[in-house]
Amino acid sequence: MKIDLDNLISIYKSLLKQYGRQGWWPLLSCENIKNNKGYHPGDYSYPRNNQQKFEICVGAILTQNTAWTNVEKALFNLKDEKLLNAKAIKDSKIEELRVAVKPAGYYNQKADYLKAFSFFYLSLKGKTPARAELFAVKGIGPETADSILLYAYSMPEFIVDAYTKRMFSQLGFFSEKERYHNVKEMFEKALPKDVNLYQEYHALIVKHAKNNNSRKNKIAET
DNA sequence: AGCCAGGCTACCG
DNA sequence: CGGTAGCATGGC
């Protein structure tokens with residue numbers, strides 16, 4: 001297959017055909033992780049309330065370099081402790097927060113990150129944050145910012161994660177060490193500026209990468 | 001028993 | 001600037 005930007009669209013189509021719609025972002029209220037059919041496939045109307053919006057932000061922070069199964073445990077802990085909302089986290093004792101997020105790993109840092117984010121989130125008073133504002137919050141880098149914007153705020157920001165870099169560098173689009181911004185820009189130039197497309201594409205990349213779960217195996221071009 | 005997972009910060013040269 | 005050690009749990 002010849003490699004050019006049009007292929008980013010055909011790769012999307014073949015991934016979609018192979019795996020179907022993934023129904024991202026994972027929400028506790030649509031907990032379907034075991035059935036392999038996605039969370040709310042084909043339904044792009046999430047988040048439907050501020051509770052879900054905040055939950056996505058928390059999940060995006062907790063999943064940094066961490067398996068989602070571990071993140072889920074932490075999210076359930078937070079929910080059980082009535083800590084899955086910004087005001088509660090802002091007012092919480094940091095020790096409590098650490099215990100709750102422990103299963104997600106890096107729990108000292110992540111407790112601090114959630115604290116900082118909750119203050120920031122409340123300061124927004126419902127407004128959509130600018131990407132640069134998110135960057136300024138401790139613990140939020142490019143991928144987390146884009147995850148929050150794309151899935152919590154439905155903004156057209158393409159997410160670049162380790163899977164995206166690995167998969168598309170193996171396909172010859174760029175080096176695995178290419179800068180975040182350059183990769184992001186490549187996708188955003190090649191694709192229509194469509195939130196649902198960005199959401200689905202990222203979810204499919206993760207699905208495909210997990211399906212071929214070894215960094216040593218070449219990812220098939222499907 | 002290691003290796004790995006949907007990164008980020010702090011600090012180094 | 002670019003490069004990397006450290007952070008930590010749970011699943012396979």
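Letters A, B, ... mirror the listed sequences (proteins, then strands); counts begin at 1.
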Worksheet item: Nearest of dC8(B), dT9(B), dC7(C) to any side-chain atom of Lys138(A)?
Response: dT9(B)

In whole angstroms, how far is the [atom2] atom of [N] from the [atom1] atom of [X]?
X: Phe117(A); N: dC8(B); atom1: CZ; atom2: P; result: 13 Å
X: Tyr113(A); N: dG7(B); atom1: OH; atom2: C1'; result: 8 Å
X: Gln109(A); N: dG6(C); atom1: CD; atom2: C1'; result: 8 Å
X: Leu62(A); N: dG7(B); atom1: CG; atom2: C1'; result: 12 Å
X: Gln64(A); N: dA5(B); atom1: CD; atom2: P; result: 15 Å
X: Glu72(A); N: dA5(B); atom1: CD; atom2: C1'; result: 14 Å
X: Asn212(A); N: dA5(B); atom1: CG; atom2: P; result: 13 Å
X: Trp68(A); N: dG7(B); atom1: CH2; atom2: C1'; result: 14 Å

Interatomic spacing from [atom1] in [X] to [atom2] in [Y] - rounded to 0.5 Å:
X: Ile159(A); Y: Ile205(A); atom1: CD1; atom2: CD1; answer: 9.5 Å
X: Ile148(A); Y: Glu157(A); atom1: CD1; atom2: CD; answer: 12.0 Å
X: Gln199(A); Y: Tyr44(A); atom1: CD; atom2: OH; answer: 7.5 Å

Item to complete: Dump the intermediate steps for side-chain contact (heavy atoms from CB on, under 4.5 Å) on Lys193(A) and Tyr198(A), then the final yes or no.
Response: CA-CA 8 Å; Lys193(A) 204 180 185 71; Tyr198(A) 285 12; 4.2 Å; yes

[X] near the nucleic acid: base, sugar-phosphate alone, or nothing, with a heavy-atom cut-off under 4.0 Å?
X: Glu143(A); value: sugar-phosphate
X: Arg179(A); value: sugar-phosphate
X: Ala162(A); value: sugar-phosphate
X: Tyr106(A); value: base
X: Ile140(A); value: sugar-phosphate

Short side-chain N/O contact from [X] to OP1 or OP2 of [N], under 4.0 Å:
X: Lys210(A); N: dC4(B); answer: no
X: Thr69(A); N: dA5(B); answer: no
X: Lys177(A); N: dG2(C); answer: no
X: Asn65(A); N: dC8(B); answer: no

Discussion item. Closest-nucleotide mapping onto DNA chain B: is Phe135(A) or Ile159(A) further toward the 5' terminus? I mean the 5' end.
Written reply: Ile159(A)

Item to complete: By nearest nucleotide on DNA chain B, pick out whichever of Gly141(A) and Asn70(A) is the more 5' one.
Response: Asn70(A)

Practice prompt. May I ask you to decide if Ser92(A)'s main-chain N or O and Lys115(A)'s side chain share a donor-acceptor pair within less than 3.5 Å?
Written response: yes

Discussion item. Taking atom CZ as the centre, does Arg131(A) end up with more than 12 heavy-atom neighbours from other residues, nucleotides or ligands that are less than 6.0 angstrom away?
Written reply: yes

Worksheet item: If we take the P atom in both dG2(B) and dA8(C), what is their distance in whole Å?
Response: 22 Å

Worksheet item: Looking at Tyr12(A), Phe158(A), Phe173(A), which one forms a ring pair (Phe, Tyr, Trp, His ring centres under 6.0 Å) with Phe187(A)?
Response: Phe158(A)

Discussion item. Could you check whether Arg21(A) pairs with Asp43(A) (Lys NZ or Arg NE/NH1/NH2 to Asp/Glu carboxylate O, under 4.0 Å)?
Written reply: no

Worksheet item: For DNA chain B, which ranges pair as stems of 3 or more consecutive Watson-Crick or G-U pairs, with both donor-acceptor distances under 3.5 Å?
Response: B:2-5 with C:9-12, B:7-13 with C:1-7

